[in-house]
Engineer: 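Mind having a look at this structure? Questions to follow.
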Protein chains: 2
Amino acid sequence: MTINQDTFTGEYSYTIDAKGRVNIPAKFRQSLAPENNNTFVITRGMDPCIWVYPLTAWQFIEDNLKELSAVSSINRSFIRATARYASPVKYDKQGRIILSSQLLDYAKLDKDALIIGMINKIEIWNADELEKIEKQTTEMDSSVYDELSDKIIL
Amino acid sequence: MTINQDTFTGEYSYTIDAKGRVNIPAKFRQSLAPENNNTFVITRGMDPCIWVYPLTAWQFIEDNLKELSAVSSINRSFIRATARYASPVKYDKQGRIILSSQLLDYAKLDKDALIIGMINKIEIWNADELEKIEKQTTEMDSSVYDELSDKIIL
DNA sequence: AAGAATTACCCACGATTACCCACAATATAT
DNA sequence: ATATATTGTGGGTAATCGTGGGTAATTCTT
């Protein structure tokens with residue numbers, strides 16, 4: 001089945017073991033383009049979750065950061081915030097990546113992980129946290145939500 | 001007889017077996033354009049049913065999602081809600097797709113499935129649920145219904 | 001420099017999934 | 001009407017997947 005490369009959908013439940021390893025769903029590994037070399041970049045998400053980019057997607061972000069002048073302190077601060085928590089990870093022969101305890105703490109992750117395909121990236125969530133956040137967000141702006149549905153869903 | 005590609009009409013009753021497999025009606029398989037590579041994308045419908053898109057139609061949705069900025073939390077939430085339950089499925093040599101237990105639960109499906117052509121997509125229903133929903137909806141907005149008839153039916 | 005702790009890499013195994021074959025029922029063709 | 005192909009349904013088996021643990025290499029500490 002040939003689908004779009006570096007495109008992720010679906011949700012999966014996996015366990016994080018004592019060493020901080022989580023499985024990357026086999027389907028996600030298969031969608032990862034070969035030039036990524038089995039490598040993702042993990043970092044803090046804008047929500048309390050971990051964001052997982054294909055390496056090449058992250059490199060695109062890096063290229064954008066390089067364009068920013070380091071003379072402006074705001075720019076420096078932005079570059080710092082973006083680069084600071086990011087690290088490349090190659091998955092092992094069993095398809096797992098290792099999550100640092102810093103990232104696990106940030107996403108309030110313990111033993112169970114909910115992994116969600118977000119089209120061009122992947123999110124790793126604590127299921128309870130996700131539910132909380134989703135409740136907040138969807139209640140707040142349901143009209144915007146409907147608008148988006150109208151525009152995008154076939 | 002050549003009909004419009006990726007266009008589906010008619011209704012069919014099939015059984016879901018112990019492995020969660022349902023047949024895609026042969027006529028639907030024949031209408032599926034070759035570039036879909038025998039692949040559909042299944043996801044939650046807006047009604048309590050399963051939506052089945054031709055792969056290329058779904059990719060159009062994905063392309064739209066990619067345009068959304070991930071900086072807005074509403075956008076992220078929308079992408080999440082849309083991508084989360086979706087997964088590509090290729091039908092097997094007998095013409096069946098596999099439905100996950102999550103989707104089966106969502107659509108309250110058990111053994112019998114009612115498959116309905118919805119022009120650009122396919123719906124899989126529990127017949128009882130469909131009847132319930134149809135009764136509700138048509139009673140509620142019968143005037144809108146008539147308006148639509150006026151505009152669309154020859 | 002030697003020991004301790006951490007990390008990278010390998011193996012194992014039960015559970016699940018993908019893929020194949022079989023066959024009865026229906027539809028199509030001769 | 002009979003033969004032939006197609007369709008819908010069931011099941012079996014081999015490969016893959018998710019998870020746990022072990023050992024060697026590396027890094028850190030003192």
Side-chain angles (χ1 to χ4, degrees), chain A residues 1-3 8-32 37-42 50 52 55 87-105 109-117 122 124-125 127, chain B residues 1-3 8-32 37-42 50 52 55 86-105 109-117 122 124-127:
Chain A
M1 168 171 31
T2 313
I3 23 176
F8 312 97
T9 63
E11 109 180 317
Y12 304 84
S13 292
Y14 289 111
T15 55
I16 304 173
D17 70 16
K19 296 177 182 176
R21 296 178 296 188
V22 240
N23 208 293
I24 296 292
K27 289 208 177 146
F28 289 0
R29 269 146 35 204
Q30 286 155 9
S31 346
L32 193 67
N37 219 264
N38 297 355
T39 307
F40 293 95
V41 173
I42 57 177
I50 298 174
V52 184
L55 175 61
S87 68
V89 284
K90 192 171 191 171
Y91 59 77
D92 67 21
K93 210 177 276 181
Q94 282 73 251
R96 294 169 294 191
I97 60 173
I98 298 185
L99 305 174
S100 68
S101 54
Q102 284 86 351
L103 283 177
L104 289 173
D105 288 350
L109 284 164
D110 182 28
K111 201 164 172 1
D112 299 306
L114 190 64
I115 302 188
I116 298 182
I122 298 162
I124 305 179
W125 281 89
Chain B
M1 166 177 38
T2 311
I3 9 177
F8 312 98
T9 60
E11 112 179 315
Y12 304 85
S13 293
Y14 288 111
T15 55
I16 303 172
D17 70 17
K19 294 179 181 175
R21 296 178 295 190
V22 238
N23 209 293
I24 296 292
K27 289 210 176 145
F28 289 179
R29 272 154 23 213
Q30 286 153 11
S31 335
L32 192 68
N37 217 262
N38 296 354
T39 307
F40 292 95
V41 172
I42 57 177
I50 298 174
V52 184
L55 175 61
S87 70
V89 285
K90 192 173 191 170
Y91 59 77
D92 67 20
K93 214 175 274 182
Q94 283 72 255
R96 294 169 295 189
I97 60 173
I98 298 185
L99 305 174
S100 69
S101 55
Q102 286 85 348
L103 284 177
L104 290 173
D105 288 350
L109 284 164
D110 183 28
K111 203 163 173 0
D112 299 305
L114 189 63
I115 302 189
I116 299 181
I122 298 162
I124 305 179
W125 280 89
N126 174 323

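Below, read A as the first sequence line, B as the second, and so on, with proteins coming before strands; counting in each chain starts at 1.
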Engineer: Under 4.0 Å from OP1 or OP2 of C:dC9: is there any side-chain N or O of A:Lys93 that close?
Structural biologist: no

Engineer: Rounded off to whole Å, could you give me the NZ-to-P distance for the A:Lys111 and D:dT19 pair?
Structural biologist: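 Spelled out: NZ on A:Lys111 to P on D:dT19 is 9 Å.
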
Engineer: So if I apply the side chain to side chain contact (heavy atoms under 4.5 Å, CB included) rule between B:Leu104 and each of B:Leu99, B:Asn126, B:Val22, which one comes out positive?
Structural biologist: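 With B:Leu104 as partner, B:Leu99, B:Asn126, B:Val22 yield a single side chain to side chain contact (heavy atoms under 4.5 Å, CB included), made by B:Leu99.
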
Engineer: To the nearest angstrom, how far is B:Gln94 atom CD from C:dC20 atom C1'?
Structural biologist: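 Going from B:Gln94 (CD) to C:dC20 (C1'), I get 8 Å.
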
Engineer: Rounded to the Å, how far apart are B:Ile97 CD1 and C:dT17 P?
Structural biologist: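 In whole Å, C:dT17 P lies 15 Å from B:Ile97 CD1.
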
Engineer: Name the orientation class of the two ring planes belonging to B:Phe28 and B:Phe8 (parallel below 30°, tilted from 30 to 60°, perpendicular beyond 60°).
Structural biologist: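 Ring orientation of B:Phe28 relative to B:Phe8: perpendicular.
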
Engineer: Rounded to whole angstroms, how far apart are CG on A:Asn23 and P on D:dT16?
Structural biologist: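 In whole Å, D:dT16 P lies 15 Å from A:Asn23 CG.
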
Engineer: Heavy atoms only, 4.0 Å cut-off, all strands: where does B:Asp17 land among base, sugar-phosphate and nothing?
Structural biologist: sugar-phosphate

Engineer: Rounded to the Å, how far apart are B:Gln30 CD and C:dT28 P?
Structural biologist: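 Going from CD in B:Gln30 over to P in C:dT28 covers 10 Å.
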
Engineer: Given atom CZ of A:Arg96 and atom P of D:dG22, what is their separation to the nearest angstrom?
Structural biologist: 13 Å

Engineer: Measure the distance from OH on B:Tyr91 to P on C:dC20 and round it to the nearest whole Å.
Structural biologist: 15 Å

Engineer: Determine yes or no for a side-chain-to-main-chain donor-acceptor pair under 3.5 angstrom, with A:Asn37 supplying the side chain and A:Thr39 the backbone.
Structural biologist: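 No, A:Asn37 side chain to A:Thr39 backbone: no donor-acceptor pair under 3.5 Å.
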
Engineer: Between P on D:dT19 and CD1 on A:Ile24, what's the gap in Å once rounded to a whole number?
Structural biologist: 12 Å

Engineer: Please determine, for the side chain of B:Arg29, which listed nucleotide (D:dG20, D:dT7, D:dC17) has the closest atom?
Structural biologist: D:dT7

Engineer: If you check the A:Arg21 side chain, which of D:dG8, D:dT19, D:dG22 turns out closest?
Structural biologist: D:dG22

Engineer: Which nucleotide sits closest to the side chain of A:Lys19: D:dG8, C:dA8, D:dT19?
Structural biologist: C:dA8

Engineer: Hey, does B:Pro88 have a side-chain heavy atom less than 4.5 Å from the side chain of A:Thr9?
Structural biologist: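 Touching, per the 4.5 Å side-chain cut-off.
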
